[in-house]
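This report refers to the structure that appears directly beneath it.
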Amino acid sequence: MSNENTLSNNENDVSYLEYKGKHSGILGWLLSTDHKRIGLLYLISLSVFLIVGVTFGFLMRLELLTPGRTIMDPQTYNSIFTLHGVIMIFLFVVPGLPAVFGNFFLPILIGARDVAFPRLNLLSWYLYAVGGLLAILSILLPGGPADTGWTFYIPYSVRTNTNVIPALFAAFILGFSSILTGVNFVTTVHRMRAPGMDWFKMPLSVWSLYATAWVQILATPIIGITLLLVAVERIFGVGLFDPALGGDPVLYQHLFWIYSHPAVYIMILPAMGVVSEIIPVFAHRTIFGYRFIAMSSIAIALFGSLVWAHHMFTAGMSDTGQLIFSLLTMIVAIPSAIKVFNWVATLYKGSIDLQPPMLYVLAFIFQFSIGGLTGVMQGVLSVDIQVHDTSFIVAHFHYVMFGGTGFGFFAALHYWFPKMFGKMYNIKLAKRVFWAMFVGFNTLYFPMFIMGWLGMPRRYYDYLPEYQIYHVISTIGSWILVPALFLMFGNFIYALFKGAKVTEKNVWGGETLEWQIATPPVHENFIDIPIVTESPYQYKDNELVLQTQEAK
Amino acid sequence: MENHSKNHSHNQHGYGVYFLVWLALMALTGITVAVAGINFGRITVATALTIASIKTYLVLTIFMHLRSESKTFRVFVGVALLFLIISFVLLFTDYSFIVRN
Amino acid sequence: MFDGVSNFSQSTDLAFFFTLVVSIFFLVLITVLMIYFVIKYNRKRNPKATNVHHNTALEVTWTVIPTVLVLIMFWLGWTGYLEQSRIPANALTIEVTAQMWKWSFKYPNGKETDSLYVPVNKDVVLNLHSIDVNHAFYVPKFRIKKDVYPNQKRSAWFNATETGSYDIACAEYCGLNHSYMYNKITVMSENEFNAWLNSPAKHPGEILASDTSLIKLPDSAK
Amino acid sequence: MSIQHTAAAHIHRDDVASRMGMWLFLFTELLLFGGMFILYSVYRFTHPQDFHLAAKELNTVIGTFNTAILLTSSLTMALSIAAIQRRQKTLSIIFQLITILLAFGFMVNKYFEWGAKFHHGIYPGSDTLLSKPSGEILFFGLYYVMTGLHGLHVIIGVVIIAFMTVFTLRDVITHDNYVKLEAAGLYWHLVDIIWIFLFPLFYLIT
Ligand code: HEA
Ligand code: HEA
Ligand code: CUA
Ligand SMILES: [Cu+2]
């Protein structure tokens, strides 16, 4: 369990950044079981992988600028989009928000001193690190990086001579890291809420992290075993998926998507939680439809596990299968719709302050809606037959993963940065960078919808000249994103060292627990465990206005 | 919130109960082997799986103390099993209606 | 945008059009509302917010309307798909073989080609085989796409409605030259087609795919 | 949100949380095997005849014997917890040791069983196997992978229980703090449950 309670309150009073535990220096971080420090370990390692992944994305865009060879050969291109996908999915968006902000803020938001299993928490970071290193190793080993796409479809993944096995094991280990985070969060939410915090007094981000954690626990093992079997298939040739030995490659796809579809909700749910957290703060009013938002998280987690085969509409499933999975895909859109409408309704009669986190959140709603609505279009059978495996899909998932989760991540970073580090970044610059990101992002991905519908397949090194115009626009978009992303990181790094000090507890005027404690938080968050008496996002003074108005 | 203070679970069964459960498990194993020899046609698998489920139920409730844990635990187990069962059912919406090989 | 030239293009394009209109409607609705609220209830203009907790009637409305709409979308897609999945009898049947990284087509009379020739306004059934890994037979203008697997059977069919020459692409990642697995499908009048099919010599217009290679293979890929 | 502060909230041990965490982890194990049961069910459904034939090659007697061993080891595991609850430390240790012994017995049996198969040339990629119809290849593929993974879990279980024995000896596990032993027990019972399904599905197809 948590650290022994031998520390006097005074020692406990110091900020978690300065706290001296058993170890000092770098070891004080690498061996710390403090959830906040682990959150930061994740933040640093995740950012590194994000930059690697993003660089690959940037290089792909350069290659696609002109038809034929631009800067690399096809083999390199194939490896790069595989690595880009693997890194972005398994090392960035899936762990993303839960591992960084979930670790840092979940215990604080429910009034606890740490997560339920702090040592397990540290272990999960180490697993993450090992998985990441293995992924990097697969690039460096002789044989060359895997070139299968992040989906590792059989039989190609059994036939190719590249380093598929290290990549598979990397994904397997990362899966376990994700599972441990899930186990920790479910237990923490059940057992460690502060007195008085019943389920419907929990902040909405806790609801979404809770729902996410369940998906992590239940879905991840399936991909674990599936990827393991691909490795077994490669090494021993047992034939479980290999059609040459009687296996069914479509069954591989089923198993892969049984995890990987729910995984997209692992990615988006925590970001939705962040959005639900930020909107009331910057609209300075209570959230609209608290229960509906909370329950829709559960509904998404639930229905999310029922639609996996919509990735296989051209694979030759039975008609019954097509019918059921298309129908269920339509249904899964509804809880997301409920969320979006409630968020927009929360702006109504608010007092809106467009600070950087809020800008990112509004962009999230816009971009997630585009991504989600095109997702629904893909769920429509005849349409999906046309757009499956084209850049329409590529546009869809970048809109939800980057435009949604990515922007949610950036929103969270701008929102909680002052609390985490006690420093403030340059707000004016942050706003400008936001606009560059927004414009760059949409320029980069929107053209992909058009060329996808027209018939530009994905995972294409080369293309017909008629698609060039869209590729050029898209690549230009990536050039706008480059400086923007650089500047955003730059702004944060500068703020860390030279930024204005923040000691104020509540910079944005939030009402959740993290804004009631010291900035940056003390070692065990709370000197005294709070007793919670009210729901979050009350903004009581607004209520008074309402009553006096009505009285008039 | 679930009751917080109880560390000492009431997960206490007498030795006798465990022995009885063990006897039942062994008996069920015997039955399933014996029955396997008889051909029930289509329900052969069903019989085997039913017996296995009964055995599992015994292990879960008594050996694993699920009976004396709080309700939350039972809901958890239900959720996990449901997820697995739904995956089976949905998968067979594909496989029941098609021959690919 | 809606320039499909097969019997499926109408239903597919209709489904696409309907979903697109609904999507644009909701996107515009949401965006306009957001911008309007941000301006109207800006902190400067509206320093004091008013709490509105929830409104069950509203929640029900915005649950039910999208539900109905997505069910309509589903129906459009499903009927369109069913058409594609019912393989017609009495059609011209062509055996299609996919391999890394080319297609080959075998006609009932034994003739084999690298690019596909079909008569206009006639049902054509393609039996798809692969001899190595997964590929997918994709004709964007026909709105058809079907994955091709080794050791498994798949079929696709279409009825081309306009003569001309269209692209065939491989839409399932299949390794190094996946993007070069391009070819052409030529739709001709019935007479022209029959003449072509029965002439032992190559049709004057026929060229082997390896010559056409829409995109020149880079040396490294050969 | 308004907050009132309480004095001196101390962090205390929470065994329920520990058990909850263990159960959640067990679900992941369950689903790990669940994925393979999915494979099994599909292939059995698509190749009923071949599965039927292939299953005849497995030795029902060894299978039944191993089932009995594993069920008994589950019993002794449960008993060791009952013993520690009653402050019977020595008895608890004895039960744990019996559990480990039984697990070894199980593995030895498995060794001979696999060995016999290998001897007959039935192993993944072997010529004998490859000459059989695809359903049989799949059956034996599943057989090796599933029982192999299960065997791996048995070995892990042995290591864990061995640690528990040391903990009990050193009084880390005592009559009022035995949640570690309980967790190990949960794990062991899960391994047992998996086998309860593997047994009829592989050995008893008629
Ligand atoms: C964060 C990740 C994320 C999220 C949240 C989603 C969300 C959704 N996705 Fe997406 N998807 C991916 C990541 C994600 N997806 C990835 C990575 C792939 C490709 C994988 C690969 O092949 O490599 C993919 C592929 C993919 C496919 C397969 C396409 C193909 O390959 O042929 C389909 C098909 O149905 C689909 C559907 C959906 C749907 C219906 C949703 C829904 O959940 C969306 C719900 C949201 C909304 C609907 C918008 C908000 C609501 C409103 C604005 C109200 C009005 C709404 C209506 C009237 C409907 N997705
Ligand atoms: C969260 C997930 C995520 C994110 C954030 C991104 C981000 C980007 N992705 Fe994406 N992408 C995926 C997940 C993601 N991607 C997945 C899963 C696939 C599928 C893979 C598969 O098919 O298997 C994919 C596939 C994919 C393709 C399709 C490849 C193909 O099918 O042929 C393309 C093509 O343009 C692309 C481009 C980009 C670009 C330009 C970015 C941009 O974000 C990049 C924006 C940033 C910058 C442009 C630069 C910032 C740069 C730095 C900070 C370092 C600077 C270094 C230098 C300038 C040298 N990605
Ligand atoms: Cu063939 Cu891609
Ligand atoms: Cu999906």
Side-chain angles (χ1 to χ4, degrees), chain A residues 1-5 111 113-114 116-117 120 176 179-180 182-184 186-188 190-192 194-195 201 217-226 228-229 232 236-240 245-248 251 254-255 258 511-513 516 524 526-538, chain D residues 1-43 46-47 50 123-126 129-130 132-146 148-149 179:
Chain A
M1 301 281 334
S2 201
N3 296 0
E4 283 82 67
N5 198 34
R113 295 188 196 274
D114 208 320
F117 310 111
L120 210 59
F176 262 87
I179 287 173
L180 293 185
V183 168
N184 229 329
V186 171
T187 315
T188 307
H190 271 275
R191 299 297 303 175
M192 306 197 41
K201 291 204 181 80
I217 293 173
L218 294 180
T220 318
I222 308 246
I223 194 149
I225 190 67
T226 309
L228 210 60
L229 285 176
V232 169
F236 299 109
V238 287
L240 290 182
L245 299 171
D248 184 359
L251 187 52
H254 273 298
L255 285 168
I258 286 180
E511 293 229 324
T512 36
L513 283 174
Q516 329 275 316
E524 286 196 324
F526 300 95
I527 300 178
D528 302 308
I529 291 291
I531 293 180
V532 181
T533 53
E534 274 171 6
S535 322
Y537 329 116
Q538 280 298 306
Chain D
M1 201 185 297
S2 80
I3 295 169
Q4 302 155 15
H5 290 281
T6 49
H10 73 286
I11 296 169
H12 58 93
R13 196 178 103 205
D14 186 355
D15 284 357
V16 179
S18 307
R19 287 203 302 274
M20 184 179 278
M22 192 62 201
W23 272 98
L24 291 169
F25 179 73
L26 291 189
F27 296 157
T28 70
E29 292 282 356
L30 176 73
L31 285 151
L32 198 74
F33 281 98
M36 312 246 279
F37 281 114
I38 285 177
L39 272 177
Y40 174 93
S41 65
V42 167
Y43 287 138
T46 52
H47 302 81
D50 291 345
Y123 51 88
S126 75
L129 191 55
L130 289 183
K132 289 176 185 281
S134 59
E136 294 203 33
I137 303 180
L138 290 172
F139 179 90
F140 283 107
L142 283 166
Y143 166 78
Y144 279 113
V145 174
M146 290 177 84
L149 192 67
V179 68

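Computation of the quantities below employed the complete heavy-atom set of this structure, encompassing side-chain atoms and omitting hydrogens, waters and symmetry-equivalent molecules. Protein chains get the first letters and strands the later ones, always in sequence-line order, with residue 1 at the start of each.
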task: Compare all side-chain heavy atoms of A:Pro530 with those of A:Phe526 and state whether any distance is below 4.5 angstrom.
output: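 Yes, at least one pair of side-chain atoms sits under 4.5 Å.
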- prompt: Under a 4.5 Å cut-off applied to non-hydrogen side-chain atoms, are A:Pro195 and A:Ile529 in contact?
  reply: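 The answer is yes, as the side chains (C-beta and beyond) meet within the 4.5 Å cut-off.
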field: Pairs where residues 134-145 of chain D contributes a residue and the test salt bridge (Lys or Arg N to Asp or Glu O under 4.0 Å) is met, not counting sequence neighbours
entry: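 Sorted result for residues 134-145 of chain D: D:Lys132-D:Glu136.
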- prompt: Between D:Leu138 and chain A, which part of the residue has a heavy atom less than 4.5 Å away: side chain, backbone, both or neither?
  reply: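 For D:Leu138, the contact with chain A is made by backbone and side chain together.
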task: Please state whether the side chain, the backbone, both or neither of D:Leu149 comes within less than 4.5 Å of a heavy atom of chain A.
output: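 It is the side chain, since no backbone atom gets that close.
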query: When heavy-atom pairs shorter than 4.5 Å are enumerated against chain A, which of D:Leu39, D:Ile137, D:Leu30 gives the highest number?
result: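 The answer is D:Leu39.
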- request: Go through D:Val42, D:Leu24, D:Leu129, D:Val145 and name the one with the most non-hydrogen pairs under 4.5 angstrom from chain A.
  value: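 Option with the greatest count: D:Leu24.
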query: If you round to the nearest 0.5 Å, how far is CD of A:Gln516 from CD of A:Glu511?
result: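 If we round to the nearest 0.5 Å, A:Glu511:CD and A:Gln516:CD are 7.5 Å apart.
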message: Let me confirm one number: the OG1-CZ distance from A:Thr188 to A:Phe117, rounded to the nearest 0.5 Å.
response: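 Interatomic distance, A:Thr188 OG1 to A:Phe117 CZ, rounded to 0.5 Å: 7.0 Å.
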Segment of [X] engaging chain D (4.5 angstrom heavy-atom cut-off):
{"X": "A:Leu251", "result": "side chain"}
{"X": "A:Ile223", "result": "neither"}
{"X": "A:Leu240", "result": "both"}
{"X": "A:Leu255", "result": "side chain"}

message: Just so I understand: if I count every heavy-atom pair under 4.5 Å between each of A:Val232, A:Ile222, A:Ile258, A:Leu218 and chain D, which residue has the most?
response: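 Maximum pair count with chain D is reached by A:Leu218.
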field: Selection from A:Thr226, A:Leu120, A:Asp248 maximising heavy-atom pairs under 4.5 Å formed with chain D
entry: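 The residue among A:Thr226, A:Leu120, A:Asp248 with the greatest pair count is A:Asp248.
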- request: Please work out whether the ring planes of D:Phe140 and D:Tyr143 are parallel, tilted or perpendicular, with thresholds of 30° and 60°.
  value: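 Ring orientation of D:Phe140 relative to D:Tyr143: perpendicular.
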task: Can you see which heavy atom on A:Ile225 is nearest to which on D:Gly35, and at what distance?
output: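 A:Ile225 and D:Gly35 have their closest heavy atoms at CG2-CA, 4.2 Å.
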